[in-house]
Enquirer: 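Quick one: the structure is below, questions incoming.
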Amino acid sequence: MMIGAQFPPHQAFDVFLVAGEESGDRLGAALMRALRERTGGAVRFAGVGGRDMAGEGLASLYPIDDLPIIGFSAIPRRLPRILRLMRFTARTVVEKRPHVLVIIDSPGFTRGIARRVRAAQPKIPIVEYVSPSVWAWRPGRARVMRHYIDHILALLPFEPEVHRRLGGPPCTYVGHTLIEQVRDLRPNADEARRRLAAPAVLVVLPGSRTGETRGLLTVFAETVALVRDRVGPLEIVLPTVPHLLDPIRQATAEWPLPPKLVVGAAEKHAAFRSARAALAKSGTVTLELALAGVPMAAGYKVSAIEYYAVGRGILKRLHSIILTNLLLGENVVPELLQHDCTAENLSRVLIPLFSDGAGRRRQLEAFSRLDAIMEIGASKPAVRAADIVLDVARQDPGDFGRC
């Protein structure tokens, strides 16, 4: 950890934060709590955030609920608004001259602000919370970022080495947010016994975005039917999010084995703690399942345009697109993508996970290594992040800090 100059006595530490969506808002709120703890409350916040950050005392410059920064189709229509907000936010940062600017995820939006701030006032330190996936897509971004990002706070342990190799900014692994949810993910004695009881619980996770679920629900329904025919009675649990509850209820009403729909993190984690196996969309949820000790099969489909524009290049660069496999350095979780994502293929790799065979044991043994790889049990990710934010700002406080 770097040791820098100290702030003048009794001077509050001024932090400007920018989060553009819910996931960043949650990270920002945890960081605010940690900064308040590490400074003994001598900190002031300004910036852009959502409900969680507001709960920690941030008066956002504007609401982020309708900030349209995800999805290729939405960008052209809303680009003028996005650019106006970028310029307005950057001007506000420069006017307030905080000790540090922290941009959180949403790179298409937040990094546009960071570039403008660096051009207008180069002395304001800038920290990026959540590394872009330069290891998967457009690796040249890492070197370019060095011109306007002073430090990256990484969620994945292999990312600092990737940035070093690519010539990116200094990067430190602070820990994934799932680290703090491990206790909620792992079963107690009764739940562990339920995992082995009949009927077996199968958790089905088709994604949290409309386009994802629409593409996967049909093939997942067919997979469940094939698994039931081979394994016998099943209890299907399908966690979803509030805005998809009605469409998914309609879509699954005619399934041969209708699932129990649950909403919210608490019910989802309860399902994980009792599950024998899972059928999931490739994504962060596979890491949740691995930390919960649930063997799984993963599948994913995107449109032909997205696949040929982006997906094919990523698949050539990586041995897997599943976070669990990337962290473990081997393809432990079977993944069926695009044309290979069929009910026949998914059921073929999923069925063996219901018995105590080699496939199930291999996944569980590999998942047990994640605690060491992710440094679970060490200090909280937000506390690590807060310490680095403070150190970066202390390099040269100058006459900043007027939020």
Side-chain angles (χ1 to χ4, degrees), residues 15-38 43 45-70 89 100-111 113-114 127-133 152-157 159 172-185 205 207-209 212 239-244 262-270 272 283-289 291-292 323 374-376 378-389:
V15 186
F16 198 106
L17 306 104
V18 181
E21 56 184 303
E22 284 187 18
S23 58
D25 179 49
R26 289 191 294 271
L27 284 171
L31 178 60
M32 290 169 70
R33 287 192 294 273
L35 285 167
R36 192 176 289 115
E37 173 190 330
R38 301 306 252 187
V43 60
F45 299 113
V48 178
R51 286 181 287 274
D52 288 351
M53 291 169 71
E56 294 299 323
L58 182 75
S60 183
L61 296 179
Y62 43 82
I64 66 168
D65 294 343
D66 60 345
L67 193 59
I69 55 179
I70 297 177
T89 308
V100 63
L101 166 64
V102 181
I103 61 171
I104 309 171
D105 213 353
S106 307
F109 180 68
T110 60
R111 256 185 265 140
I113 294 166
V127 175
E128 179 161 22
Y129 198 171
V130 183
S131 170
S133 302
I152 296 174
L153 308 176
L155 303 191
L156 303 175
E159 289 176 320
T172 302
Y173 171 62
V174 297
H176 200 284
T177 53
L178 289 176
I179 287 174
E180 298 186 52
Q181 300 177 33
V182 164
R183 287 186 179 180
D184 295 329
L185 289 167
L205 299 132
S208 59
R209 295 177 182 172
E212 293 173 342
T240 187
V241 291
H243 72 273
L244 288 179
V262 298
V263 177
E267 289 191 276
K268 178 177 74 171
H269 293 164
F272 287 6
T284 304
V285 73
T286 62
L287 184 54
E288 286 186 84
L289 289 164
L291 290 172
L323 274 181
M374 298 179 69
E375 301 177 21
I376 292 173
S379 58
K380 293 181 179 180
V383 172
R384 294 189 194 184
D387 286 341
I388 294 168
V389 168

Enquirer: Hey, is the main chain of Gly49 close enough, under 3.5 Å, to the side chain of Ser60 for a donor-acceptor pair?
Expert: yes
Enquirer: Using the side chain to side chain donor-acceptor pair (under 3.5 Å) criterion, which residues pair with Thr89? Sequence neighbours excluded.
Expert: Tyr62
Enquirer: Between Glu375 and Arg384 (salt bridge meaning N to carboxylate O under 4.0 Å), is one present in this structure?
Expert: yes
Enquirer: With distance as the sole test, does Asp25 use its side chain to make a donor-acceptor pair with the main-chain N or O of Arg51 at under 3.5 Å?
Expert: yes
Enquirer: Out of curiosity, Phe45 CZ to Arg36 CZ, how far, rounded to the nearest 0.5 Å?
Expert: 5.0 Å
Enquirer: Partners of Arg26 by side chain to side chain donor-acceptor pair (under 3.5 Å), sequence neighbours excluded?
Expert: none
Enquirer: Can you measure from CD1 (Ile179) to CG (Leu287) and round to the nearest 0.5 angstrom?
Expert: 9.0 Å
Enquirer: Are any of the side-chain heavy atoms of Thr177 and Pro381 separated by less than 4.5 Å?
Expert: no
Enquirer: Is a side-chain N or O of Thr110 found less than 3.5 angstrom from the main chain of Asp105, in a donor-acceptor match?
Expert: yes
Enquirer: For atom CD of Glu180, decide whether the heavy atoms of other residues, nucleotides or ligands shown that lie under 6.0 angstrom number more than 12.
Expert: yes
Enquirer: Kindly say whether Gly24 contributes a backbone atom to a donor-acceptor pair with the side chain of Tyr129 at under 3.5 angstrom?
Expert: no
Enquirer: Can you give me the closest heavy-atom contact between Ala46 and Leu58, atom names plus distance?
Expert: C-CD1, 3.3 Å
Enquirer: At what distance, to the nearest 0.5 angstrom, does NE2 of His176 lie from CD of Glu288?
Expert: 8.5 Å
Enquirer: Looking at Glu159 and Leu156, would you say the former's side chain and the latter's main chain have a donor-acceptor pair under 3.5 Å?
Expert: yes
Enquirer: What distance separates Ile64 CD1 from Met53 CE, expressed to the nearest 0.5 Å?
Expert: 7.5 Å
Enquirer: In sequence, state the C-alpha distance, the side-chain angles, and the governing distance for Val174 and Asp387, and then conclude on side-chain contact (heavy atoms from CB on, under 4.5 Å).
Expert: CA-CA 10 Å; Val174 297; Asp387 286 341; over 6 Å; no
Enquirer: Rounded to the nearest 0.5 Å, what separates atom CG in Leu291 from atom CD1 in Ile376?
Expert: 5.0 Å
